[in-house]
Amino acid sequence: MPLPSQPLRKLGFLTIGLFDEADPRKGHESTLEIIQLGERLGFDSAWLRHRHLQYGISSPVAVLAAASQRTTRIELGTAVIPLGWENPLRLAEDLATVDILSGGRLNPGISVGPPMHYDQVKQALYPDTADAEDFGYDRVARLLDFVRGKPATDFSGVEGFEVFSDRVQPHAPGLGRRLWYGGGSLRSAQWAGEHAMNFLTSSVVKAEESEDFAEVQLSHVRAFRAHHPDGDRARVSQGLVVIPTDSASPEQRAKYEAYAEKRLPRTATPQGPARLMFAPDLVGTSAEIAERLYAHAAFREIDEVAFALPFTFEHDDYVQILTDIATRLGPALGWQASAQRA
């Protein structure tokens, strides 16, 4: 086994928050309970995926507002909010509000690009400006400016009995340093570094210079840090699907292995016109997964992770997986729960 270059410093998890259309509250409550469990287990962060017009969390900022009132320590993130669906000014207000409510624990992750199935949804989303909307990096720059306190208007002062600000209110000090960009290409990694963001690299990347997933991801990590003012100290979090089986029942192990096997063929070669590379899901004992991670070129250069929970499992499965990650896999990677570090 290759020796780890450094102990894992921050351990997080990511969930999609699926729900049944006939009973959506149950699924949302399950997500909140999983976040509370994560805090009790000592995880450093909990992250929510984002799904529009599907049966997953469509408003992670709203769910994290609720989570902020049920937890006291764990950091709360989004991985990621696709900005093509958002107005940067309004989103900046929502993010700042939740950050204030959480006591400065919000870690918003964002990405760019047109909304999924844009031709089918654009008339509902942007009926008057569909063909004029800019879904590039300028949209991120606007959000960064608003969150970091730059003026949003040239008007401020008192009008009648009302007082107006020229910047987003509430202003959340420190939130601008906790913005993350979710990127899967060299260009995105470089852009995020140049704009002093943090960088989320996940289980999907573009095969640009290589068809080896770990090598591609490593090139993104290095490109990001090469263009970030903090250099090698710039924050990168790696997200892979990780399913430890230490305390799983035989039925759970069989389900997990079948899930990973079904998804394995897509990891063999780049997929589609964008040449997307998918990382294989890591299923096995914590010792087996740790060995595979230590051999992963990109993992060896980071000290933060947000392991992704599979999409379609049951609540009890997530409890088992998170418990094994916190009590077995994390320690095998050199991580200590927050209570142990205090």
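One-based numbering along the sequence shown. Since we're looking at a predicted model, the values are computed, not measured.
Residues passing the salt bridge (charged side-chain N to carboxylate O under 4.0 Å, His left out) test with Asp324: none are found, sequence neighbours excluded. Remark: Glu211 pairs with Arg275 by the salt bridge (charged side-chain N to carboxylate O under 4.0 Å, His left out) rule, at least two apart or across chains.
One distance of note links CD1 of Ile57 with OG1 of Thr78; it measures 11.0 Å at 0.5 Å rounding.
Inspection of the His315 and Ser30 side chains reveals an N or O donor paired with an N or O acceptor under 3.5 Å. If you check the side chains of Trp47 and Asn107, you find no donor sitting under 3.5 Å from an acceptor. Remark: the Tyr137 side chain and the Glu194 side chain contain no N/O donor-acceptor pair separated by less than 3.5 Å. Between the side chains of Asp166 and Thr153, no donor-acceptor pair is found at a separation under 3.5 Å.
Residues Val204, Leu276 make up the rest of the hydrophobic cluster containing Phe278, defined by ILVMFWY side-chain heavy atoms closer than 4.5 Å, directly or through other members.
Remark: side-chain polar atoms of Asp145 are not paired, donor with acceptor, to backbone N or O of Arg142 under 3.5 angstrom.
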Using residues 120-129 as the side-chain source, report each donor-acceptor pair under 3.5 Å to any protein atom, sequence neighbours left out, with the distance given to one decimal.
unit_1	atom_1	unit_2	atom_2	d
Tyr126	OH	Gly84	O	2.8
Tyr126	OH	Arg139	NH2	2.9
Thr129	OG1	Glu133	OE2	2.6

List the atom pairs, with distances to 0.1 Å, where a side-chain N or O of residues 229-242 and a protein N or O form a donor-acceptor pair under 3.5 Å, not counting sequence neighbours.
unit_1	atom_1	unit_2	atom_2	d
Arg235	NE	Glu304	OE2	2.8
Arg235	NH2	Glu304	OE1	2.9
Gln238	NE2	Gln217	OE1	2.6

Side-chain donor/acceptor pairs under 3.5 Å, residues 154-165, sequence neighbours excluded:
unit_1	atom_1	unit_2	atom_2	d
Ser165	OG	Arg167	N	3.0
Ser165	OG	Arg167	O	2.9
Ser165	OG	Gln169	NE2	3.0

